[in-house]
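Presented below is the structure to which this report refers.
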Amino acid sequence: GMTMGRFGIMFNRNVTWWKRGKAWIDYQTRCQYLLQQGRAVSDALYFCGEDAPEKYVKGRADLRDGSDFDVLTRESLLASRAERGEIVTPGGLRCGLLLMPADGTAVSPDLLRRIDAFAAAGVTVIGEPPTRSFGLRGYPACDAEVKALAAKIWARKNVFRRPASAALKAIGHTEDFLVPKGPVIQHIHRRADDGSDIYFVAQYSDAAISPECSFRVTGRVPELWDPETGTMRRAADWKAADGRTLVTLPLSPRGSVFVVFRPQPTAGIGTEPDWKPVSSDELRGPWEVEFRSELDGSATGRTFERLVNWSEHADEEIRHFSGTAVYRRTLACPDLAAGERLVLDLGNVKNLATVTVNGRELRTLWKPPFALDVTSALTPGENRLEIAVVNTWANRLIGDEAKPEDCTWTDKRWSGPHLERWPAWWTNVASRASGRTTFATWHHWQKDDTPPPSGLLGPVVLRRERPEPGIRDNSVD
């Protein structure tokens, strides 16, 4: 159907993973809820200038890693007020540091008068003094006024010229969030109405990491809120020192977590133990696999003696299958000692997997690690295991390219092949003589393209784990 061309996807019920995607939407929902609480915490407000607001990214160069900023346009700066040495924006954001544009040689007199008022109220200003007015209104008197105002403003002790690093050091600025060198880790900081500091922390590597992160917060117990599962726990490994809180964050591949510092710790939550593997058993074939059509709901059964990539299967229908396939087999529940648990690790999955044990749907996994605790669902003896795996439309789109063409394509209007006109079979609501299954308004694939990896790739392992607390001293200074 309709797509967004080369710009992302058209997210609707026609995508193969629409129903399974609820788990991902739940993750987004939890993130968006928390990221709307209270107000953003910014180290600086960056005035982007009076021309097209496309230069704000230069504000990042003025701040060290671990500090964040928000952008002010001319209109928002004029509408802001000064209060207790801070700029208060119309949206309620408060900040005591204003960064001027790196190339801001031109500022309108009315705007510079507002900046003068901010500086007089104690707001720290960093930037170069403007030398002329933005525009020709009132020329040449406007330029003279700008020069006079600039001389007055930049004579104040709380107004600095670049480099910003020297100015930040002079005012004793410290970073809000610090991480060791290594994989890219970014943060967003919000302060809720009840005074809670909420940090969203996300890492961008394909490996699991456990960095020690430093937060500009002290006197509170850090809690870890998992947006993927909705669970909350206290951090197990943290300490307070030098007015900061250092927390070791276990982050899964491309994982994220909310680190929350509440005025009073959340009641009824504890720490997560450090789980250590005791034994593991690989669940080998045979697997009974049922491929379900997304169009008419029909199903085709296959037996896989071993787990294989659908895109490399000898059967063309499986190689170019797009939709949901359900893997079934039985597994035996091993004996567990007190406190132990069983984790089902699916290994590699392309792309989403929903795990059901003994008819009880447990969870949909949409990113690594594709693993979950199945202890509560297993019973002594044999257990029924179902893993529903869904891939994308790419496989079927590539397979359809080998069939007769029934659309007309062009690349005249946009940089890429797109539908020139609606095909006759579409406008006439007729059957497609070509035998194709899929239809899109952008020509994404060619018949010789390699279908992306799909299916349950494994290895699938049932792992017995034992808890080992090992909690660091959690003193609060």
Side-chain angles (χ1 to χ4, degrees), residues 23 27 30 199 201 203 205 207-213 215 220-240 245-262 265-283 331-347 349 353 355-358 360-381 383 385 387 458-476:
Y27 165 84
R30 296 183 187 108
Y199 288 83
V201 180
Q203 70 110 346
S205 76
I209 59 174
S210 296
E212 185 179 67
C213 301
F215 300 85
R220 296 182 178 183
V221 177
E223 300 176 5
L224 307 184
W225 296 11
D226 186 348
E228 190 175 345
T229 62
T231 57
M232 299 184 294
R233 66 187 188 277
R234 293 189 183 183
D237 191 354
W238 67 277
K239 65 179 180 181
T245 302
L246 284 71
V247 186
T248 298
L249 296 181
L251 294 170
S252 62
R254 299 186 177 272
S256 59
V257 67
F258 283 90
V259 184
V260 182
F261 299 88
R262 309 190 79 179
T266 303
I269 66 171
T271 59
E272 175 74 10
D274 186 13
W275 292 95
K276 299 295 184 182
V278 177
S279 62
S280 61
D281 295 306
E282 182 178 350
L283 304 184
L331 63 91
C333 178
D335 295 331
L336 298 178
E340 291 184 340
R341 71 174 185 178
L342 288 171
V343 171
L344 183 66
D345 190 334
L346 306 184
V349 173
V355 177
T356 301
V357 177
N358 295 324
R360 174 183 164 190
E361 184 175 306
L362 300 182
R363 195 171 138 208
T364 296
L365 306 169
W366 54 271
K367 65 173 289 296
F370 293 95
L372 74 166
D373 185 345
V374 294
T375 312
S376 62
L378 293 174
T379 60
N383 294 264
L385 172 64
I387 305 170
V460 180
V461 172
L462 186 64
R463 188 167 58 243
R464 186 160 61 100
E465 297 181 343
R466 177 180 301 142
E468 294 184 6
I471 302 174
R472 182 195 286 184
D473 175 29
N474 297 338
S475 58
V476 178

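The model shown is predicted, which means the values in this text are computed figures rather than measured ones. We use all heavy atoms of the structure for the numbers below, so side chains are in, but hydrogens, waters and symmetry mates are not.
Heavy atoms only, all atoms of each residue included: Ala371 and Leu365 are closest at N-CD1, 3.6 Å. Here the closest heavy-atom approach between residue Glu465 and residue Pro277 is recorded as CG-CA, 4.1 Å. Closest approach of Glu212 and Leu246 over heavy atoms only: OE1-CD2, 3.4 Å. Heavy atoms only, all atoms of each residue included: Lys367 and Arg254 are closest at CE-O, 3.4 Å. Across all their heavy atoms, Pro253 and Gln203 have their closest contact at CA-NE2, 3.6 Å.
Listed for the Asn383 side chain is no donor-acceptor partner under 3.5 Å among the backbone atoms of Asn358. No donor-acceptor pair closer than 3.5 Å links the side chain of Glu228 to the backbone N or O of Tyr27.
One distance of note links CZ of Arg464 with OG1 of Thr375; it measures 11.5 Å at 0.5 Å rounding. For the atom pair Asp226 CG and Thr231 OG1, the distance stands at 4.5 Å (nearest 0.5 Å). Of the inter-residue distances, the one linking Arg463 atom CZ with Arg341 atom CZ reads 8.0 Å to the nearest 0.5 angstrom. Note that the CD1 atom of Ile387 and the CG atom of Leu346 stand 5.0 Å from one another [nearest 0.5 Å]. The CD atom of Glu340 sits 5.0 Å away from atom CZ of Arg466, with the distance rounded to the nearest 0.5 Å. Taking SG of Cys213 as the start and CG of Leu251 as the end, the distance is 6.5 Å to the nearest 0.5 Å.
Using a 4.5 Å heavy-atom cutoff, the side chains of Val343 and Leu372 are not in contact. Side-chain contact between Pro369 and Asp345 is absent, with no heavy atoms from C-beta onward closer than 4.5 Å. The side-chain heavy atoms of Leu344 and Leu283, taken from C-beta on, include a pair separated by under 4.5 Å. Side chains of Thr245 and Arg220 form no contact here, defined as non-hydrogen atoms less than 4.5 Å apart. Within the 4.5 Å cutoff, no side-chain heavy atoms of Val374 are placed close to those of Leu385. By the 4.5 Å heavy-atom criterion applied to side chains, Glu223 and Pro265 are counted as neighbours. For the pair Arg233/Thr271, no side-chain contact is recorded, criterion being any heavy-atom separation below 4.5 Å from C-beta on. Under the 4.5 Å side-chain criterion, counting only non-hydrogen atoms from C-beta, Asp373 is not in contact with Trp275.
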Next item on the list: Might you work through the side chain to side chain donor-acceptor pair (under 3.5 Å) test for Arg363 and Thr229, ending with a clear yes or no?
Entry: CA-CA 9 Å; Arg363 195 171 138 208; Thr229 62; over 6 Å; no
Next item on the list: Kindly indicate, with the supporting measurements, whether the criterion side chain to side chain contact (heavy atoms under 4.5 Å, CB included) is fulfilled by Val201 and Phe215.
Entry: CA-CA 11 Å; Val201 180; Phe215 300 85; 4.3 Å; yes
Item checked: Pair Thr266-Trp225, side chain to side chain contact (heavy atoms under 4.5 Å, CB included): steps then yes or no -> CA-CA 11 Å; Thr266 303; Trp225 296 11; 4.1 Å; yes
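When the options Ile209, Asp237, Leu224 are evaluated for a side-chain contact (heavy atoms from CB on, under 4.5 Å) with Leu249, the one that passes is Leu224.
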